[in-house]
Amino acid sequence: MTTELTPAAGRKGRTDPEGRDDRDGRDGREKSNGGKDPTRRAPVRRTAGRAAFRLAFPPVSGLLRPRLLAVSLVLAAAAFLAFCAETAIGDLSLSLADVTRALVGGGDPGTRLIVQELRLPRSLAGLLVGVAFGVSGALLQAMTHNPLASPDMMGITQGAGVAVVAGIVLGWDGGLSTQALGLFGALTAALVVYALAWKRGATGYRIVLVGVGVAWICTSATDYLMARGQQFQAQAALGWLVGNLNGRTWSQIGPLAVALAVLLPTALLLGRLMRTLELGDDVARGLGTRVQTVRVATLLVAVGLVAFGTATAGPVAFVALAAPQVAQRLAGTAFPPPVAAGLTGAVMVLGSDLVARKLIADTELPVGIVTGVLGAPVLLWLLVRANRAGSGG
């Protein structure tokens with residue numbers, strides 16, 4: 001869309017200090033400059049679907065995408081509705097109005113007790129875990145330029161799983177919490193992937209390829225630990241490995257909330273630098289971007305998000321893979337938008353948990369089973385799409 005700035009209505013031309021019209025002078029300047037008036041403003045071009053903005057304080061400028069903003073608002077509303085519905089469902093059903101009042105401290109004491117103490121930890125865990133997985137997947141897919149890149153496919157989730165299962169089955173926790181074990185396992189797996197993918201730099205293709213191999217190694221190690229453990233230990237580890245929101249407590253929510261408060265702003269700050277990576281490594285270096293530094297920082301942020309999310313609810317399958325792709329297609333952007341991807345992940349986790357709790361009467365399935373069933377077709381579609389584009393082998 002192209003717009004042109006013109007003089008205000010009723011003004012035929014500029015006037016000199018004595019009130020004379022300056023059209024004759026402008027015509028003379030146009031003739032002497034080959035028909036171009038140097039004092040006339042050039043047309044201002046605006047890219048379709050974008051609007052530039054600049055703030056005086058804080059000194060921030062950028063492009064506003066109305067479609068992305070609208071999609072994010074709709075996803076935020078959907079996530080809030082799913083959050084309230086998740087809190088309302090239970091042995092004693094509550095209305096959405098009662099849940100909303102209880103969330104802000106209103107309503108009768110019995111309703112506040114049910115909502116704030118019994119049901120809110122589970123709902124909040126689903127919301128925060130979905131946001132963490134969605135943003136983590138968006139960062140990895142943008143970094144590697146590969147829609148199949150996600151913590152599930154690159155061994156990061158599996159690395160966290162090995163550490164947590166080892167702590168449960170072998171008792172090698174050293175007094176560390178589940179969150180600390182998950183962070184240690186995810187960081188170790190990510191460092192191994194990056195080190196093995198390094199060859200005068202680490203490209204996105206090599207990171208994904210090495211990550212798939214590391215994922216299978218970690219999966220085999222987890223299976224061995226499960227076979228070695230006692231029955232009770234194996235059942236506890238299996239319930240966590242599937243991805244489960246049952247029995248979440250406030251002690252499990254706190255570390256994840258703190259991690260999101262620190263890592264989400266960092267992920268947004270990395271967004272502008274990551275956009276230059278979309279142009280290719282050589283062009284990004286020419287624009288002054290430290291490619292490997294940005295990649296390492298992005299990898300660390302993504303690992304932190306998925307590690308704390310996995311430690312809270314287990315490796316909920318396919319959320320980090322599918323949420324960024326769904327958000328990208330809804331927003332119509334060239335890369336997965338982190339905020340929209342996080343909101344999409346929250347909607348997916350909360351919606352899948354609602355289905356898991358109501359699919360079979362008197363039985364609450366782990367949320368990871370439902371996300372696995374819904375995410376597998378997305379993975380197949382991405383594989384077929386990549387193959388047709390000539391990048392899938």
Inset, instruction - Any pair with a residue in residues 310-331 that passes salt bridge (Lys or Arg N to Asp or Glu O under 4.0 Å), sequence neighbours left out, goes on the list, sorted by first then second residue, please. - result: none
Legend entry - Chi angles and distances behind the side chain to side chain contact (heavy atoms under 4.5 Å, CB included) call for Leu264, Val131: CA-CA 9 Å; Leu264 280 183; Val131 171; 4.2 Å; yes
Legend entry - Rounded distance [0.5 Å steps], OG in Ser352 versus CG in Leu359: 11.0 Å
Legend entry - Value rounded to 0.5 Å, distance of CZ in Arg101 from CG in Leu96: 11.0 Å
Legend entry - Pairs involving residues 69-97, ordered by first then second residue, that meet salt bridge (Lys or Arg N to Asp or Glu O under 4.0 Å) (sequence neighbours left out): Glu86-Arg122, Glu86-Arg357
Legend entry - Close side-chain approach of Pro151 to Phe133, heavy-atom, < 4.5 Å: no
Legend entry - Check: Gln325 side chain, Ala322 main-chain N or O, donor-acceptor pair, under 3.5 Å: no
Legend entry - Same apolar cluster: Val169 and Tyr224, side chain cutoff 4.5 Å: yes
Inset, instruction - Could you tell me whether the side chain of Cys218 reaches within less than 4.5 Å of the side chain of Val214, counting heavy atoms only? - result: yes
Inset, instruction - Apply the side chain to side chain contact (heavy atoms under 4.5 Å, CB included) test between Gln141 and each candidate in Leu148, Leu321, Val208; give the one that qualifies. - result: Leu321
Inset, instruction - Report yes if the side chains of Leu374 and Met348 come closer than 4.5 Å at any heavy-atom pair, otherwise no. - result: no
Inset, instruction - Among residues two or more places apart or on two chains, list those pairs meeting side chain to side chain donor-acceptor pair (under 3.5 Å) that have a residue in residues 331-345. - result: none
Legend entry - Within 6.0 Å of CH2 in Trp216, more than 12 heavy atoms from elsewhere: no
Inset, instruction - Mind checking the CG-CG spacing from Leu300 to Leu305? Nearest 0.5 Å is all I need. - result: 11.0 Å
Inset, instruction - Run the numbers on Val242 and Ile369 for side chain to side chain contact (heavy atoms under 4.5 Å, CB included), then give the verdict. - result: CA-CA 7 Å; Val242 175; Ile369 295 178; 3.7 Å; yes
Inset, instruction - Say whether, by atom type as modelled, one donor and one acceptor occur between the side chain of Arg248 and the main chain of Asn246 under 3.5 angstrom. - result: yes
Legend entry - Any Ile114 side-chain heavy atom under 4.5 Å of Leu94 side chain: yes
Inset, instruction - Give, for atom OG1 of Thr310 and atom CG of Asp152, the distance between the pair rounded to the nearest 0.5 Å. - result: 8.0 Å
Legend entry - Distance-minimising heavy-atom pair for Leu260 and Pro265: O-CD, 3.8 Å
Legend entry - Heavy-atom pair of closest approach, residues Ala267 and Val301: CB-CG1, 4.1 Å
Legend entry - Shared-cluster residues of Val326, by chain and number - hydrophobic side chains joined below 4.5 Å: Val71, Leu75, Leu268, Leu330, Val339, Leu343
Legend entry - Donor-acceptor under 3.5 Å (Gln158 side chain, Ile217 main chain): no
Inset, instruction - Report yes if the side chains of Leu241 and Met226 come closer than 4.5 Å at any heavy-atom pair, otherwise no. - result: yes
Legend entry - Closest non-hydrogen atom pair between Val135 and Pro338, with its separation: CG2-O, 3.4 Å
Legend entry - Cluster overlap Val210 with Val306, hydrophobic side-chain contacts below 4.5 Å: yes
Inset, instruction - State, to 0.1 Å, how close Leu181 and Gly167 come at their nearest heavy-atom pair, and which atoms those are. - result: CD1-CA, 4.1 Å
Legend entry - CA sep, side-chain torsions, deciding dist, call: Thr298, Leu140, side chain to side chain contact (heavy atoms under 4.5 Å, CB included): CA-CA 7 Å; Thr298 303; Leu140 291 176; 5.7 Å; no
Inset, instruction - Kindly give the cluster partners of Ile89, where membership spreads through any ILVMFWY side chain lying under 4.5 Å from a current member. - result: Leu354
Legend entry - Any Ile207 side-chain heavy atom under 4.5 Å of Met143 side chain: yes
Legend entry - Results of side-chain contact (heavy atoms from CB on, under 4.5 Å) for Phe83 - residues two or more places apart only: Thr87, Leu103, Leu120, Ser123, Leu124, Leu127, Leu350
Inset, instruction - Working to the nearest 0.5 Å, report the span between CG of Leu128 and CZ of Phe308. - result: 13.0 Å
Inset, instruction - Work out which heavy atom in Pro324 is nearest to a heavy atom in Ala341; give both atom names and the distance. - result: CA-CB, 3.9 Å
Inset, instruction - Answer yes if Val258 and Ile253 sit in the same cluster of Ile, Leu, Val, Met, Phe, Trp and Tyr residues linked by side chain heavy atoms under 4.5 Å apart, and no otherwise. - result: no
Inset, instruction - Measure across Gln116 and Trp250 and return the closest heavy-atom pair with its distance rounded to 0.1 Å. - result: O-CZ2, 3.3 Å
Legend entry - Nearest-0.5 Å distance that lies between atom OG in Ser136 and atom CG in Leu299: 9.0 Å
Legend entry - Any side-chain heavy-atom pair of Arg119 and Leu92 under 4.5 Å: yes
Inset, instruction - Flag yes if Leu191 and Leu183 sit in one hydrophobic cluster, no otherwise; membership is Ile, Leu, Val, Met, Phe, Trp, Tyr, and two members link when side-chain heavy atoms are under 4.5 Å apart. - result: no
Inset, instruction - Using the rule that two of Ile, Leu, Val, Met, Phe, Trp, Tyr join whenever any of their side-chain heavy atoms come within less than 4.5 Å, decide whether Leu245 and Val347 are in one cluster. - result: no
